[in-house]
There are 2 protein chains.
Amino acid sequence: MSEGLRLRVHAAVNELGYVPNVAASRLASSRTHTIGVIVPTLYNVIFAEYLFALHEVLIDAGFQVLVVNSRYSEIEEENAIKALLGQRVEAIIIAGIHHTALSRQLLTQANLPVVETFELSDDPINLNIGMSQEHAGYVATRHLIERGFRRIAFLTGNLDHRAQSRFDGYHKAMRDADLPSAEIIAPKPRHSSVALGSELFAMAHECGNVPEAIFCTDDSLALGAMQECRKRGIRVPDDISIIGFHDLEFAACVSPSLSSIATRRYETGKLAAEKVLAALEAGAKPDMEQTDLGFALLPRESTSG
Amino acid sequence: MSEGLRLRVHAAVNELGYVPNVAASRLASSRTHTIGVIVPTLYNVIFAEYLFALHEVLIDAGFQVLVVNSRYSEIEEENAIKALLGQRVEAIIIAGIHHTALSRQLLTQANLPVVETFELSDDPINLNIGMSQEHAGYVATRHLIERGFRRIAFLTGNLDHRAQSRFDGYHKAMRDADLPSAEIIAPKPRHSSVALGSELFAMAHECGNVPEAIFCTDDSLALGAMQECRKRGIRVPDDISIIGFHDLEFAACVSPSLSSIATRRYETGKLAAEKVLAALEAGAKPDMEQTDLGFALLPRESTSG
DNA sequence: CTGAAAGCGCTAACAA
DNA sequence: TTGTTAGCGCTTTCAG
């Protein structure tokens, strides 16, 4: 094609605002260059950071990322899987390891790379990148027990699978130490927020039900609880110790600084994306493989009383 | 079709994991049932809440939502627009009113409903739902001026268009009151976070550059600044007043509670989605129309010194 | 290198 | 109601 013609075509393309129809292209080539991602919510920084990493890797590799949220519902997740398969995505990256039977079947039969993230599965569909939420819950609780506290409560707004696993870890640690469990759980499921942490703490306080230490499923809840303590003249960590989860960006810089369990959601996303690219490169569904990204206990001022 | 056959087909569908190819369906029907949404970032609760509302309305109406993030870059936004048009989305909802010339042209020529959100445009492409960021900045600053402060600084991590407009409003208010402007801006653009607020305040404090009041572009920054004050023994609001922006969920429940400007991102998303549905229903690109959703000043403890 | 034509997997329109 | 068929807008292959 001559240079002149090329230019005229380009001009016409711009003039007319022509944009190729990807549906046609996908149908004809049977390549979609699209990766499907399922997350339970977009309302949570954890997933924002994870998605950020996924995008970074996948977009740069020329893939489109299709994000669907399942609103913490396994049946919505099943619909999301169908929708993504209908789009003929080339791989699926899905948060969590609990799916309906049909979801599992579809993911297995689809014969494409599947990554389950954030938890460790006993029976991965294909790839699995995560950490032991239960062990992390155990370690956080042990930290409080080792500080000498006996009345330790677990605080959460909802009990999705990951929160439940942390709760299980908490129970195990308490049982191992012969201590009674106590819980501060929202009457109806609510997503974690500073406001909710403050609300739940206030509720517990008004019931005269204030423990020596609290393990919150989430740093936002922990911050809310700390703020509510201040309002009520309860000193952290002198009167009460608080530990959060995830080591959100504010944990280190609030005052008192917040003890937490650092989790690796950026790395989770990055690794998931890289594994998917490698599998697509190799042109075959990869062998089953599990990666434990671990976590880290970060003791700070809020539990140093 | 007989009931028996219907059942056998269903069984086969499940057995084989058959899922229809949407690319083929789209091509054949020239309906995609997909709405394109462009946001500058997924890292910001503001957009999470907005997307939540959009999803809620559009998914229920049987549409798929394709979210692309432009990372605050007009050229990435242009690519996003091309990608969405290539997908033959039936409408585009885009945050912001500043686009490249080609972006505008594509959006105009595409002949589909387009909603620009979060700001008010002098020259909307089609639909426009937002608020005056500049006026909101003006009102926040006036609030501090009326409290009697003279040395008032503006604090931000970056100056995207919306932050810039608030900054413009701040400047105007200061000028109108014959007061000198002062700014605490991150040396290199950073997204808002508690950690950054704390960092920027620390930086200013170390330069001996501490004003009587600060207007932060964002409640997260404001919270960070407040935390850093506490660390440094500066009392809020006795020694310094702080006002944030957006009225994030924690603003009312932190201690001291944070004055802020409430913005309506949920309503923005909801209304945008509803207008799009109405337009699609009507089957024609809607007439140009602008909606000002306004904002509200919320004075709280952090500016009551 | 350029051009022509088949066909991807559906939908929709029409015929039976 | 059911069955048949053209064709959506590309990619790919194959012939020129």
Side-chain angles (χ1 to χ4, degrees), chain A residues 1-36 61-66 68 79-92 105-107 109-112 280-281 283-285, chain B residues 1-36 61-66 68 78-92 105-107 109-113 280-281 283-285:
Chain A
M1 195 195 287
S2 77
E3 192 55 22
L5 180 53
R6 177 187 310 287
L7 287 173
R8 279 168 50 218
V9 170
H10 248 89
V13 161
N14 279 335
E15 177 96 15
L16 301 170
Y18 168 81
V19 183
N21 184 330
V22 313
S25 141
R26 287 173 175 183
L27 189 55
S29 71
S30 72
R31 283 277 288 172
T32 60
H33 292 283
T34 300
I35 311 294
F63 284 85
Q64 193 181 130
V65 180
L66 236 176
V68 191
N79 290 331
I81 291 169
K82 285 181 191 155
L84 293 176
L85 292 176
Q87 301 273 355
R88 298 296 186 268
V89 295
E90 301 187 10
I92 290 184
Q105 188 198 333
L106 287 169
L107 289 174
Q109 286 184 353
N111 202 45
L112 38 75
L280 259 23
E281 195 83 12
K285 184 170 172 177
Chain B
M1 194 195 288
S2 76
E3 192 56 22
L5 180 54
R6 178 188 308 287
L7 285 174
R8 280 170 48 222
V9 170
H10 249 87
V13 161
N14 279 334
E15 176 96 15
L16 301 169
Y18 168 81
V19 182
N21 184 330
V22 313
S25 143
R26 287 173 175 183
L27 188 56
S29 71
S30 71
R31 284 278 291 178
T32 60
H33 293 282
T34 301
I35 310 294
F63 284 85
Q64 192 181 130
V65 180
L66 234 176
V68 191
E78 186 180 296
N79 291 331
I81 291 168
K82 285 181 191 156
L84 293 176
L85 292 176
Q87 302 273 354
R88 298 297 186 266
V89 294
E90 301 188 11
I92 289 183
Q105 187 198 333
L106 288 169
L107 289 174
Q109 286 185 354
N111 202 47
L112 38 76
L280 258 24
E281 195 83 13
K285 184 172 171 174

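Numbered from 1 within each chain, the chains take letters A, B, ... in sequence-line order.
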- Task: Apply side chain to side chain contact (heavy atoms under 4.5 Å, CB included) to A:Ile81 and B:Val19, showing your working.
- Result: CA-CA 10 Å; A:Ile81 291 169; B:Val19 182; over 6 Å; no
- Range-with-range stems for DNA chain C, at least three Watson-Crick or G-U pairs under 3.5 Å: C:1-14 with D:3-16
- Query: Considering residues at least two apart in sequence or located in another chain, which fulfil the side-chain contact (heavy atoms from CB on, under 4.5 Å) criterion with B:Ala83?
  - Reply: none
- Spell out protein contact along nucleotides 7-12 of chain C as letters: B when the base is contacted, S when just the sugar-phosphate is, - when no protein heavy atom is under 4.0 Å; keep the 5' to 3' order. BBBBSS
Counting only N and O atoms by type, is there a donor-acceptor contact under 3.5 Å from the side chain of [X] to the main-chain atoms of [Y]?
{"X": "B:Gln87", "Y": "B:Thr32", "answer": "no"}
{"X": "B:Gln109", "Y": "A:Tyr18", "answer": "no"}
{"X": "A:Glu90", "Y": "A:His33", "answer": "yes"}

- Query: Is there side-chain contact between B:Val22 and B:Gln64, with at least one heavy-atom pair below 4.5 Å?
  - Reply: no
- Message: Please report the interatomic distance CG(B:Leu112) to CG(B:Leu85), rounded to the nearest 0.5 Å.
- Response: 6.5 Å
